[in-house]
Engineer: 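Structure provided below as structure tokens; questions to follow.
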Amino acid sequence: NTARQGVGIRYDPLRLEGREDRASEMLGQFEEQDLDVSHIVTATGSAGTQGGLIVGLRAMQSDIPLLGIGVNIPRDEQEQKVYKLACETAEFIGKPGCVARADVVANCNYVGAGYGVPTESMNEAVLMLARTEGLLFGPVYSGKALAGMIDLVRKGELGDGNLVFLHTGGAAALFAYADQLQLQDV
């Protein structure tokens with residue numbers, strides 16, 4: 001059995017094949033729109049999204065960097081978890097070795113006090129995008145990743161190119177965090 005346990009989620013390479021397909025879809029859209037993407041950024045926790053995407057990108061010979069903004073564990077642990085799952089998925093789809101260890105990059109500096117615990121930067125990012133763009137981000141995964149990406153952009157660490165942020169959902173969790181997020185101001 002190739003299935004393995006994530007953070008309360010059971011992952012196997014077959015389930016990640018859909019995330020690998022997401023990379024193909026994204027690359028097709030970039031090409032259709034003649035969009036030169038310098039980075040893709042997403043949340044990373046249980047490793048499925050980042051693992052599947054990096055396999056898809058590398059299997060299609062794309063060298064676009066993928067940055068996972070961690071939501072729960074230290075960087076070394078997160079990167080190892082993603083790499084292991086990516087290797088299993090690459091093997092499953094018949095592309096063994098397409099992902100190098102250096103392809104798996106996580107920044108886990110935005111976890112804060114822990115998984116599911118709001119941070120000030122996450123609150124700022126979620127409220128800013130709600131107010132300015134009408135986009136809703138959950139506070140646990142996408143909100144923390146969004147906060148990390150915004151901070152890295154402000155610091156100039158992601159360059160001047162076009163960034164793509166992959167929103168993985170979670171907006172329904174906003175209601176559970178309404179008091180902590182000061183949503184009455186939105």
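Here, residue 1 is the first one in the sequence, and each next residue gets the next number.
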Engineer: Could you walk me through whether Gln80 and Arg101 pass the side-chain contact (heavy atoms from CB on, under 4.5 Å) check?
Structural biologist: CA-CA 8 Å; Gln80 187 56 38; Arg101 175 60 185 86; 4.0 Å; yes
Engineer: Below 4.5 Å, heavy atoms only, C-beta onward: do Leu57 and Ile40 meet side chain to side chain?
Structural biologist: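 Side-chain contact under 4.5 Å: yes.
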Engineer: Treating Ser38 as the side-chain partner and Asn162 as the backbone partner, does any N or O pair qualify as donor plus acceptor under 3.5 Å?
Structural biologist: yes
Engineer: Taking C-beta and beyond as the side chain, do Met128 and Ile150 meet within less than 4.5 Å on heavy atoms?
Structural biologist: yes
Engineer: Ignoring hydrogens, what is the shortest heavy-atom contact between Gly51 and Ala86? Give both atom names and the distance.
Structural biologist: O-CB, 3.8 Å
Engineer: With sequence neighbours left out, what residues match Thr168 under side-chain hydrogen bond (donor to acceptor under 3.5 Å, both in side chains)?
Structural biologist: Ser142
Engineer: Looking only at non-hydrogen atoms, find the nearest pair between Leu146 and Ala125 and report the distance.
Structural biologist: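 Closest approach of Leu146 to Ala125, heavy atoms only: CD2-O, 3.7 Å.
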Engineer: Let me see the working for Met26 and Val37 under side-chain contact (heavy atoms from CB on, under 4.5 Å), right down to the final yes or no.
Structural biologist: CA-CA 10 Å; Met26 289 171 67; Val37 175; over 6 Å; no
Engineer: When you measure from the side chain of Lys95 to the backbone of Gly56, do you find a donor-acceptor pair of N or O atoms at a distance under 3.5 Å?
Structural biologist: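 No.
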Engineer: Answer yes or no: is there a donor N or O on one side and an acceptor on the other, between the side chain of Gln78 and the main chain of Gly45, under 3.5 Å?
Structural biologist: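 Pair found, side chain donor or acceptor close to backbone of Gly45.
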Engineer: Tell me every residue that passes side-chain hydrogen bond (donor to acceptor under 3.5 Å, both in side chains) with Asn109, counting only those two or more places apart in sequence or in another chain.
Structural biologist: Asn107
Engineer: Given the rule that I, L, V, M, F, W and Y join up when any side-chain heavy atoms are under 4.5 Å apart, are Tyr83 and Ile64 in one cluster?
Structural biologist: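 Tyr83 clusters together with Ile64.
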Engineer: Identify the heavy atoms of Cys108 and Pro74 that sit nearest to each other, and give their distance.
Structural biologist: SG-C, 4.0 Å
Engineer: For Leu85 versus Ser46, what's the shortest heavy-atom pair and its separation?
Structural biologist: CD2-O, 4.4 Å
Engineer: Under a 3.5 Å distance rule, please check whether Lys144 uses its side chain to pair with a backbone N or O of Tyr110 as donor and acceptor.
Structural biologist: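 No: the side chain of Lys144 does not pair with the backbone of Tyr110.
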Engineer: Between Ile54 and Thr89, is any pair of side-chain heavy atoms under 4.5 Å apart?
Structural biologist: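 Answer no - side chains too far apart.
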Engineer: Tell me which pairs pass salt bridge (charged side-chain N to carboxylate O under 4.0 Å, His left out) where either residue lies in residues 53-65, with sequence neighbours left out.
Structural biologist: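 Residue pairs with at least one partner in residues 53-65: Arg58-Asp103.
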Engineer: Given 3.5 Å as the limit, does a donor-acceptor pair link the side chain of His167 with the main chain of Leu136, or not?
Structural biologist: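 Side chain of His167 to backbone of Leu136: a pair is present.
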Engineer: With sequence neighbours left out, which residue pairs that include part of residues 112-122 fulfil the salt bridge (charged side-chain N to carboxylate O under 4.0 Å, His left out) condition?
Structural biologist: none
Engineer: Hey, does Met149 have a side-chain heavy atom less than 4.5 Å from the side chain of Leu67?
Structural biologist: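 A side-chain contact under 4.5 Å is absent here.
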Engineer: Which residues satisfy the side-chain hydrogen bond (donor to acceptor under 3.5 Å, both in side chains) test with Gln29, sequence neighbours excluded?
Structural biologist: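 For Gln29, the residues satisfying side-chain hydrogen bond (donor to acceptor under 3.5 Å, both in side chains) (neighbours in sequence not counted) are Glu25.
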Engineer: Between Glu88 and Lys84, does any NZ, NE, NH1 or NH2 come within less than 4.0 Å of an OD or OE carboxylate oxygen?
Structural biologist: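 Yes.
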Engineer: Of all the heavy-atom pairs spanning Glu79 and Val105, show the shortest one and how long it is.
Structural biologist: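 Nearest heavy atoms, Glu79 then Val105: OE2-CA, 3.5 Å.
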Engineer: Which residues pass the side-chain hydrogen bond (donor to acceptor under 3.5 Å, both in side chains) test with Glu124, sequence neighbours left out?
Structural biologist: Arg154
Engineer: Restricting to non-hydrogen atoms, name the atom on Thr44 and the atom on Tyr141 that form the minimum distance, rounded to 0.1 Å.
Structural biologist: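 Scanning both residues completely, I find the closest heavy atoms to be C-CE2, 4.5 Å.
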Engineer: Should Leu152 and Ile69 count as side-chain neighbours, where that means a heavy-atom distance under 4.5 Å?
Structural biologist: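 Heavy-atom side-chain distance check passes, below 4.5 Å.
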Engineer: In the structure I gave you, are the side-chain heavy atoms of Lys81 and Ile73 within less than 4.5 Å of one another anywhere?
Structural biologist: yes
